[in-house]
S.K.: 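I have a structure here, written as structure tokens, and I will follow up with some questions on it.
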Amino acid sequence: MVLTDDNFATIVTAVEAGRQVYDNVRKFIVYIFSHTTPEVLPFVVFALAGGAVPLPLPVLLLLAFDVGTETLPSLALGRDPAEPGIMERPPRRRSEGVIRAPMLVRAWLFLGLLVALLSLAGFFYVLLGAGWSAGDPVGAGSRFHHAYLQATTMTFLGMIAGQIGTAFAVRTQRASLRSVGAFSNRYLLLAIAAELLVAAIVVYAPRFQALLGTASLPAEDLLWLLPFPFIVWGADELRRCLLRRRDVPGAPTRAAIAGAPRQAH
């Protein structure tokens, strides 16, 4: 650290800025890693079903998700404001890496798993709603081919909807989203708008339908997707709320409560 003036408050400002950058790097990592589970789980379902369930997410749609919709929101998280209380944390250990086990658990087994389950629920909602049963063919020329294209499109859009909820969820590690302001990062809002525009082009532009195997969805299916971002964000908001209650200063631990002597009545 190099001081350019004789004001030692600059040190505090510099440390705060450094912690903000470090936090934003971790937000980026959790956001990117959380998409691994919804990308892998459809292939696991396909493999475990032995082909009785068609692949919920074709490879081309997976690439469209990775390249077309994931990039801008992840970059926008780098411009996120600092989380409240960032200067109240103790210094991290020198040996502590950027990626920690709790981050991976949050990304893969909480946020990622939730998005994966929601997107697969959308897939089966469309396919079963068309009258499909396990083992029925869905290839070109079959009775359920169009329904299958709509179902895989639903998986794709379900992942995007969950991705939006994830982007808002990872903006804080412990604090509530309200403390930083849901709309305080205008770059993230613009990135989400661009993401939705790309998704609309992929799903409704005839050339992209032919290239990626998507199909237009009716309005009722799109309405089914609306709660997805709020479910993902809301679940993580509840998780962070429980963490804050657990970390209240002076609050007795479970072990202390269990070991405390009982008072006579």
Side-chain angles (χ1 to χ4, degrees), residues 31-71 107-166 195-232 235:
Y31 177 77
I32 293 295
F33 279 24
S34 66
H35 301 146
T36 303
T37 307
E39 290 176 354
V40 171
L41 195 58
F43 293 89
V44 174
V45 170
F46 175 72
L48 292 179
V53 175
L55 186 60
L57 184 68
V59 174
L60 287 178
L61 281 183
L62 188 153
L63 293 175
F65 177 80
D66 278 336
V67 177
T69 67
E70 187 179 57
T71 306
W108 290 339
L109 300 181
F110 188 78
L111 292 169
L113 184 59
L114 187 55
V115 173
L117 293 177
L118 289 172
S119 58
L120 286 176
F123 172 78
F124 286 110
Y125 165 76
V126 173
L127 201 54
L128 293 173
W132 172 86
S133 298
D136 288 343
V138 296
S142 65
R143 173 187 171 190
F144 296 108
H145 180 61
H146 183 68
Y148 172 66
L149 295 181
Q150 288 185 316
T152 55
T153 302
M154 190 71 163
T155 305
F156 173 70
L157 292 180
M159 289 172 61
I160 292 176
Q163 187 181 53
I164 294 172
T166 300
E195 177 182 25
L196 293 175
L197 177 60
V198 170
I201 293 173
V202 167
V203 172
Y204 292 101
R207 289 188 178 182
F208 283 94
Q209 288 180 338
L211 177 65
L212 301 176
T214 56
S216 302
L217 294 178
E220 55 267 26
D221 289 347
L222 297 179
L223 290 175
W224 207 76
L225 292 168
L226 286 180
F228 284 15
F230 300 98
I231 292 173
V232 175

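Here the structure is a predicted model, which is why all the values come from computation and not from measurement.
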S.K.: Evaluate the side chain to side chain contact (heavy atoms under 4.5 Å, CB included) criterion for residues V115 and H35: first the C-alpha distance (whole Å), next the side-chain angles of each, then the deciding distance (0.1 Å), finally the verdict.
M.R.: CA-CA 8 Å; V115 173; H35 301 146; 5.9 Å; no
S.K.: Are the side chains of V126 and T153 in contact, using a 4.5 Å heavy-atom criterion?
M.R.: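 T153 vs V126: side chains apart.
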S.K.: Does the side chain of Q209 come under 3.5 Å of the side chain of S216 through a donor N or O and an acceptor N or O?
M.R.: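 Yes, because at least one side-chain N or O of Q209 sits under 3.5 Å from a partner of the opposite role on S216.
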S.K.: First locate atom CG of L118, then atom CZ of F228, and finally report the distance between them rounded to the nearest 0.5 Å.
M.R.: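 Answer for the CG-CZ pair, L118 versus F228, is 5.0 Å.
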S.K.: Using modelled atom types and a 3.5 Å cut-off, is there a donor and acceptor pairing between side-chain atoms of T155 and backbone atoms of P56?
M.R.: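 Yes.
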S.K.: If you take all heavy atoms of F156 and V202, which pair is closest and at what distance?
M.R.: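 Heavy-atom minimum between the residues: CE2-CG1, 3.9 Å.
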S.K.: What's the spacing between F144 CZ and L149 CG if we round to 0.5 Å?
M.R.: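 Nearest 0.5 Å value for the CZ-CG distance: 13.5 Å.
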S.K.: Specify the closest pair of heavy atoms between H145 and A140, including all atoms of both residues, with the distance to one decimal.
M.R.: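 Of all heavy-atom pairs spanning H145 and A140, the closest is ND1-N, 3.5 Å.
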S.K.: CG of L41 to CG of L117: how many Å apart, nearest 0.5 Å?
M.R.: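 Result: 6.5 Å between the selected atoms.
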S.K.: Taking atom CD1 of I160 and atom CG of L225, what is their separation to the nearest 0.5 Å?
M.R.: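 Here the rounded value is 9.5 Å.
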S.K.: So which heavy atom on T152 is nearest to which on G213, and how close?
M.R.: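 Looks like OG1-O, 4.1 Å.
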S.K.: If you draw a 6.0 Å radius around CZ in F230, do more than 12 non-hydrogen atoms from other residues or ligands fall strictly inside?
M.R.: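 Not more than 12 within 6.0 Å, no.
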S.K.: Would you call the rings of W132 and F124 parallel, tilted or perpendicular, where under 30° means parallel and over 60° means perpendicular?
M.R.: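 Plane angle between 30° and 60°, so tilted.
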S.K.: Hey, could you give me the NE2/CD distance between H146 and Q150, rounded to the nearest 0.5 Å?
M.R.: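 That separation rounds to 3.5 Å.
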S.K.: Locate the shortest heavy-atom distance separating S34 from T166; write the atom from each residue and the value.
M.R.: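 That would be OG-CG2, 3.3 Å.
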S.K.: Could you check V232 against L111 for side chain to side chain contact (heavy atoms under 4.5 Å, CB included), going step by step and ending with a plain yes or no?
M.R.: CA-CA 7 Å; V232 175; L111 292 169; 3.9 Å; yes
S.K.: Students often mix this up, so state it plainly: with edges at 30° and 60°, are the rings of W224 and Y125 parallel, tilted or perpendicular?
M.R.: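 Ring orientation of W224 relative to Y125: parallel.
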S.K.: Quick one: does M159's side chain get under 4.5 Å of T69's, heavy atoms only?
M.R.: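 SC-SC contact between M159 and T69 ruled out.
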S.K.: Quick check against the 3.5 Å criterion: does Y148 have a side-chain atom that pairs as donor or acceptor with the backbone of P137?
M.R.: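 It does not hold such a pair.
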S.K.: May I ask you to decide if F33's main-chain N or O and W108's side chain share a donor-acceptor pair within less than 3.5 Å?
M.R.: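 Flag set: sc W108 to bb F33 pair under 3.5 Å.
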S.K.: Looking at every heavy atom in both L61 and L212, which two are closest together, and how far apart are they?
M.R.: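 That would be CG-O, 4.0 Å.
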S.K.: Tell me the closest heavy-atom pair linking A235 and L114, and the distance in Å.
M.R.: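 Closest approach of A235 to L114: CB-CD2, 3.7 Å.
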S.K.: Report the distance from atom CG of L62 to atom CG of L57, rounding to the nearest 0.5 Å.
M.R.: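 These two atoms lie 5.0 Å from each other.
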